[in-house]
Amino acid sequence: MRNLPICIPSLWNSAVRLSLDSGPWPDFVGLYSGMLRDSVLPSKVTLSSIVRSCAAHGAAQLGESFHCQIFKMGFRLDVILQTGLLDFYGKVGDLRCARKMFAEMLQRDVVADNAMVSVLSKHGCVEEARDLFDNMPQRNSASWNSMITCYCKLGDIGSAHSMFDANPVKDVVSWNAMIDGNSVTWNTMISGYVQCKEFGKAIATFQEMRLENVKPTEVTMISLLSACAHLGALDMGEWIHDYIRRKRLKIDAVLGNALIDMYSKCGSIEAACDVFNRLPVKNIFCWNSIIAGLGTNGYGEKAIDLFALMLEEGLKPDGVTFVGLLSGCSHSGLVSAGRRYFSEMHDIYGVTPAIEHYGCMIDLLGRAGLLKEAVELVKTMPMKPNAQVWGSLLRACQIHKDTELSKHVVQNLLDLDPRDGGNYVYLSNFYASLSRWDEVNVCRKVMIDRGVHKEPGCSSIELDGIVHEFVAGHSRHLQIMQINLFLDEIAKKLKEHGHESNRALVLHDIEDEEKETAVSYHSERIAVAFGLMSTPPGKTIRVVKNLRTCSDCHSALKIISNVYKREIIVRDRKRFHHFKDGCCSCRDYW
DNA sequence: TTAGGGTTAG
């Protein structure tokens, strides 16, 4: 480009604007300096595009230098440039400068007001945003959407929904609405529900959107797929994939990534690979999702193959890639490969290991029984170990029965944030594994005294598009009587096949139930029982659990898969377990 | 002395 004989200012301006949209970011910088060499000054339109691009790339210093340029060229009071700069400062995190831009505006229009509302929402200044919104002389759809987003980000879904209901733009069911119209408002609300983990409401809002004849878009599908991924709702996810095909929506890298993530998190790794292979354009997110998906589904070697392929295609791995790769190595027991990638990530790929990468390595070494090496890494890591790191080490101590080391780890966990419920769970499980019930009780009492709550065990299973949730010990499910009878029958069969309850892990989930009964009532077991009794023979059962599966349920589920001739797929907090013919894909290594 | 350039959902 540099040698092109361009000297007509408008051509330079167009070339710069084109490169901002299509070319990689450095291309623009080269082109821009070429323009200055030709003594051509950017037009205000070019400057506006540049500012927008700086905002999108988070290029704070470059953007500021263009602010000076705008000032020098006398465009200081151009309302569009001012709005662009206000948005830029908001997006690079400089709220003070954003406020200053807004204050300096002599005339404001609805777009400028919206930009300020959006900046204030992103910086958590809700009341200020709302005040500005209430006093705006004009509002458009974007104004309402910015406020809805603001409340969703705060987790105030009630206020978000009130805004959604009050939004007059949404209620207009017109020809326009049938074509594309107000889908952004609906998408905002759906994604808000997903962010606030109200997945059922997200799906219900989608149904309502269809009834109102507002056309769902690719963005709608991305939010819904994210909901399915969280819930492990494969049937719903497959329905959405089918809907995307029927409506001929465009599967680009972003929607493709949402599909890969949904299939991976629903345990259907073959379908995830299929979507991945068919994608014409893949970005780093797609590669990261498939590598992580293969890893959590127990295909560590395949994750490594994909990583090699990613490099061959000329992509640069980032921190997320290595989390997927290292945890994949950990789940498949690939110690030497994990060690190699950990040392190469900085030296060869220029990615500095963060705490989550150290966490993966400590997990990998600890599970493999290399406790000394794991401890050494904890000591030498450049940051303060967090509860996840100590938790991994404690889990390794449990597996390899190293009580001495456990004491040290427990002390460190205690010294960490005393308000973090997760630390108490680690401790309680640790004492329970040693049958030291007095300490378990002390631990529980301290939790109650300090008002710390442990997340209760909860498992879900999707049947005919409905997600059924089960909480250990106190389910409100309509068919709980029948389920309990069936659980008793399962318990009998387990006994016949030599399964003995491991009382040590009872307290993993609940505290009040009588211990023997309690284990067989762990939430994943209730969900599996419900799945067995409600689906035809041979149908695969898929369960999602919010915590890790305990070893007692793990061995019980292996037997159940054999006795009832069913494939059972359980997604726990860490990984997938594919139970089939009495075995689990994790090879009892998790 | 054209128009174009700015805000909201993933």
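The shown structure was predicted, so the numbers you read here are calculated from the model rather than taken from an experiment. The chains referred to below are lettered A, B, ... by the order of the sequence lines, with proteins before strands, and numbering in each begins at 1.
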**Asked** Base, sugar-phosphate alone, or nothing: which one does A:Ala112 contact when heavy atoms must sit under 4.0 Å apart?
**Response** base
**Asked** For the residue pair A:His468 and A:Phe470, does the interplanar ring angle fall in the parallel (under 30°), tilted (30 to 60°) or perpendicular (over 60°) class?
**Response** parallel
**Item:** Cation-pi geometry met for A:Lys316 and A:Tyr349 (6.0 Å, 45°)
**Value:** no
**Request:** Check the distance between B:dG10's P and A:Asp261's CG and give it to me in whole angstrom.
**Result:** 15 Å
**Item:** Per A:Ser191 side chain, nearest of listed nucleotides B:dT7, B:dA9, B:dT8
**Value:** B:dA9
**Request:** Output yes when at least one side-chain N/O atom of A:Lys91 is less than 4.0 Å from OP1 or OP2 of B:dT8, else no.
**Result:** yes
**Message:** Looking at B:dG6, I'd like to know if its phosphate oxygens (OP1 or OP2) sit under 4.0 Å from a side-chain N or O belonging to A:Lys44.
**Reply:** no
**Asked** So what does A:Asp109 hit on the nucleic acid, given a heavy-atom distance under 4.0 Å: a base, only sugar-phosphate, or nothing?
**Response** base
**Request:** For B:dA9, take OP1 and OP2 only and decide whether either is under 4.0 Å from a side-chain N or O of A:Gln195.
**Result:** no
**Atom-to-atom span, CG of A:Asp252 to P of B:dG10 - whole angstrom** = 15 Å
**Message:** When you measure from the side-chain N and O atoms of A:Arg52 to the phosphate of B:dT7, is any distance below 4.0 Å, counting only OP1 and OP2?
**Reply:** yes
**Asked** Heavy atoms under 4.0 Å, any strand shown: does A:Asp78 hit a base, just sugar-phosphate, or nothing?
**Response** base
**Fill in**
Taken to the nearest whole Å, CZ/A:Phe75 to P/B:dG4 is 16 Å
**Asked** At under 4.0 Å between heavy atoms, what does A:Thr83 touch on the DNA or RNA strands: base, sugar-phosphate, or nothing?
**Response** base
**Asked** A:Ile251 CD1 to B:dG10 C1': how many Å, rounded?
**Response** 15 Å
**Asked** Among the nucleotides B:dA9, B:dG6, B:dG5, which one has an atom lying closest to any side-chain atom of A:Ser49?
**Response** B:dG5
**Nucleotide nearest A:Asn114 when distance is taken to its side chain, options B:dT7, B:dG4, B:dA9** = B:dT7
**Test of ring centre spacing under 6.0 Å for A:Trp144 and A:Phe133** = yes
**Asked** B:dT8 P sits how many Å from A:Leu86 CG, rounded?
**Response** 10 Å
**Item:** Length of the CG-P vector between A:Leu47 and B:dG6, whole Å
**Value:** 13 Å
**Item:** Of the listed nucleotides B:dA9, B:dT7, B:dG5, the one nearest the side chain of A:Val111
**Value:** B:dT7
**Atom pair distance, as rounded to whole Å: CE in A:Met105 and C1' in B:dG6** = 8 Å
**Asked** Is A:Thr188 near enough to B:dT8 that one of its side-chain N or O atoms lies under 4.0 angstrom from OP1 or OP2?
**Response** no
**Asked** In whole angstrom, what separates A:Leu85's CG from B:dG6's P?
**Response** 13 Å
**Asked** Does a salt bridge link A:Arg99 with A:Glu104, judged by any charged N lying under 4.0 Å from a carboxylate O?
**Response** no
**Asked** For A:Val119, which contact category applies under a 4.0 Å heavy-atom criterion: base, sugar-phosphate, or nothing?
**Response** nothing
**Request:** Please state whether the phosphate of B:dT8, meaning OP1 or OP2, lies under 4.0 angstrom from any side-chain nitrogen or oxygen of A:Ser118.
**Result:** yes
**Message:** Regarding A:Asp78 and A:Lys44, does a basic nitrogen lie under 4.0 Å from an acidic carboxylate oxygen?
**Reply:** yes
**Message:** Would you say the rings of A:Trp287 and A:Phe307 are close, in the sense that their centroids are separated by under 6.0 Å?
**Reply:** no
**Message:** Base, sugar-phosphate or nothing for A:Leu255? Non-hydrogen atoms, less than 4.0 Å.
**Reply:** nothing
